[in-house]
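Some notes on the structure that comes next.
Keep in mind that the numbers below use all heavy atoms, side chains included, and drop hydrogens, waters and symmetry copies.
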Amino acid sequence: MYTLLSGLHEYLTRREEFYVIILGLDNAGKTTLLERIKSTFLGVVGLSPDRIAPTVGLNIGKIDINRARLNFWDLGGQRDLHGIWEKYYSECHAIIFVVDSTDKERIEECKETFEKIITNDEVEGVPILMLANKQDLPNSLKVEEIKEIFNKIALKLGARDSRVLPISALEGTGVRESVDWLFIRIQRNKQNRPPTFK
């Protein structure tokens with residue numbers, strides 16, 4: 001009887017878990033975004049931007065939405081670390097690609113990096129959210145300009161869910177809307193990438 005009740009309790013209290021990787025070039029604002037997601041959804045104060053150092057390896061954050069848990073893996077953006085990104089592709093349910101909208105000198109490098117990600121077979125069908133970060137700064141490229149730059153690559157995304165949204169990770173503008181959009185896409189994609197249960 002105990003086993004039956006224990007199993008029933010486990011079944012009723014289990015939650016879906018999804019994994020989202022946050023990618024982009026170094027200094028794009030990935031860790032600032034992760035800290036802002038945690039502060040927005042958990043109500044805790046994240047690290048202040050002046051205490052955020054370049055990521056070596058990964059940073060992890062978890063939030064709960066409804067009865068599901070989103071696990072965020074913020075991976076280092078230095079060129080030397082791009083090789084480890086592929087190790088996370090098979091387990092992810094979505095990808096956030098953060099673009100530094102003020103770094104016009106590296107936009108071609110950013111475009112090439114994005115193309116490598118989306119053409120990898122391991123991420124076939126995975127929702128992709130591109131975030132045009134640092135929209136709070138006057139010299140930033142606007143979303144329309146970012147879309148134009150990445151337009152030819154976007155054709156390679158095919159029918160999968162993808163979107164480009166403006167954010168300021170520093171100020172928090174657009175962060176909630178971005179996570180909400182991503183969560184809906186992850187839920188819709190459960191047949192392609194089923195959640196894990198914990």
Roughly how far apart are Ser178 OG and Leu131 CG, rounded to 0.5 Å? 4.5 Å

With sequence neighbours excluded, residues passing salt bridge (Lys or Arg N to Asp or Glu O under 4.0 Å) with Glu108: Lys111

Between Lys104 (side chain) and Asn139 (backbone), is there a donor-acceptor pair under 3.5 Å? yes

Is there a continuous path of hydrophobic side-chain contacts, each under 4.5 Å between heavy atoms, that joins Ile128 to Ile186? no

Val164 with Val99, same ILVMFWY side-chain cluster at under 4.5 Å: yes

Side chains of Ile63 and Val179: closer than 4.5 Å at any heavy-atom pair? yes

CD1 on Ile149 to CD1 on Ile107, rounded to 0.5 Å: 4.5 Å

Lys198, Lys190, Arg67 screened by salt bridge (charged side-chain N to carboxylate O under 4.0 Å, His left out) with Glu16, the one that passes: Lys190

Whether the side chain of Thr173 engages the backbone of Ile167 through a donor-acceptor N/O pair (distance < 3.5 Å, no angle test) should be reported. no

side-chain contact (heavy atoms from CB on, under 4.5 Å) evaluation trace for Ser39 with Val45: CA-CA 5 Å; Ser39 67; Val45 178; 5.9 Å; no

Counting N and O atoms only, with roles assigned by atom type, does the side chain of His93 sit under 3.5 Å from a partner on the main chain of Val20, one being a donor and the other an acceptor? no

I'd like to know whether CZ of Arg79 has more than 12 heavy-atom contacts from other residues, nucleotides or ligands below 6.0 angstrom. no

Take a 6.0 Å sphere around CG of Asn151 and say whether it holds more than 12 heavy atoms from other residues, nucleotides or ligands. yes

Do other residues, nucleotides or ligands put more than 12 heavy atoms under 6.0 Å from the CD atom of Glu124? no

For the side chain of Gln135 and the backbone of Leu141, is there at least one donor-acceptor N/O pair under 3.5 Å apart? yes

Taking atom NZ of Lys142 as the centre, report whether more than 12 heavy atoms of other residues, nucleotides or ligands fall under 6.0 Å from it. yes

Would a distance-only check, ignoring hydrogens and angles, find a side-chain to backbone donor-acceptor pair under 3.5 Å from Arg185 to Ser162? no

Establish whether Leu81 and Phe97 are linked, either directly or via other cluster members, by ILVMFWY side-chain heavy-atom contacts under 4.5 Å. no

Would you say the side-chain atoms of Asn66 pair up with the backbone N or O of Ala68, donor to acceptor, closer than 3.5 Å? no

Tell me, yes or no, whether the heavy-atom count around Glu109 atom CD, taken from other residues, nucleotides or ligands under 6.0 Å, exceeds 12. yes

Does a side-chain heavy-atom distance below 4.5 Å link Arg106 with Asp100? no

Hey, what do you get for CD1 (Ile65) to CG (Asp180), rounding to the nearest 0.5 Å? 6.0 Å

Nearest 0.5 Å, please: how far is OG in Ser101 from NZ in Lys134? 9.0 Å

Ignoring hydrogens and geometry, is there a side-chain-to-backbone donor-acceptor pair from Asn189 to Gly125 under 3.5 Å? yes

How about Tyr19 and Ile60: do any of their side-chain heavy atoms sit closer than 4.5 Å? no

Please enumerate all residues that pass salt bridge (Lys or Arg N to Asp or Glu O under 4.0 Å) together with Arg69, with sequence neighbours excluded. Asp64

In Å, rounded to the nearest 0.5 Å, how long is the span from OG of Ser168 to CG of Leu137? 7.0 Å

Residue pair Val126, Cys92: steps toward the side-chain contact (heavy atoms from CB on, under 4.5 Å) verdict: CA-CA 8 Å; Val126 172; Cys92 78; 4.1 Å; yes

Roughly how far, to the nearest 0.5 Å, is the CD atom of Glu86 from the CG atom of Leu75? 12.0 Å

Treating Ile, Leu, Val, Met, Phe, Trp and Tyr as nodes and any side-chain heavy-atom pair under 4.5 angstrom as an edge, say whether Ile184 and Val175 lie in one connected cluster. no

Would you check, one step at a time, whether the test side-chain contact (heavy atoms from CB on, under 4.5 Å) holds for Gln187 with Phe183? CA-CA 6 Å; Gln187 291 289 316; Phe183 182 69; 3.3 Å; yes

If only atom types and distance count, is the side chain of Asp161 paired as donor or acceptor with the main-chain N or O of Pro127 below 3.5 Å? no

Would you say NZ of Lys62 has more than 12 non-hydrogen atoms from neighbouring residues, nucleotides or ligands within 6.0 angstrom? no

Name the atoms and distances for all side-chain donor-acceptor pairs under 3.5 Å in residues 30-37, with sequence neighbours left out.
from  : atom 1 : to     : atom 2 : distance (Å)
Lys30 : NZ     : Gly24  : O      : 3.3
Lys30 : NZ     : Leu25  : O      : 2.8
Thr31 : OG1    : Thr55  : OG1    : 2.8
Thr31 : OG1    : Asn59  : ND2    : 3.3
Thr31 : OG1    : Asp74  : OD2    : 2.5
Glu35 : OE1    : Leu47  : N      : 2.9
Glu35 : OE2    : Lys38  : NZ     : 3.1
Arg36 : NE     : Ala169 : O      : 3.2
Arg36 : NH2    : Leu170 : O      : 2.3

Among Leu23, Val123, Leu58, which residue meets the side chain to side chain contact (heavy atoms under 4.5 Å, CB included) test with Tyr88? Leu58

Test side-chain contact (heavy atoms from CB on, under 4.5 Å) on Glu115 and Phe150; report intermediate values, then the result. CA-CA 9 Å; Glu115 186 170 14; Phe150 286 85; over 6 Å; no

Linking I/L/V/M/F/W/Y whenever their side-chain heavy atoms sit closer than 4.5 Å, directly or via other members, would Leu129 and Tyr89 fall into one cluster? no

Using modelled atom types and a 3.5 Å cut-off, is there a donor and acceptor pairing between side-chain atoms of Trp85 and backbone atoms of Gly76? yes

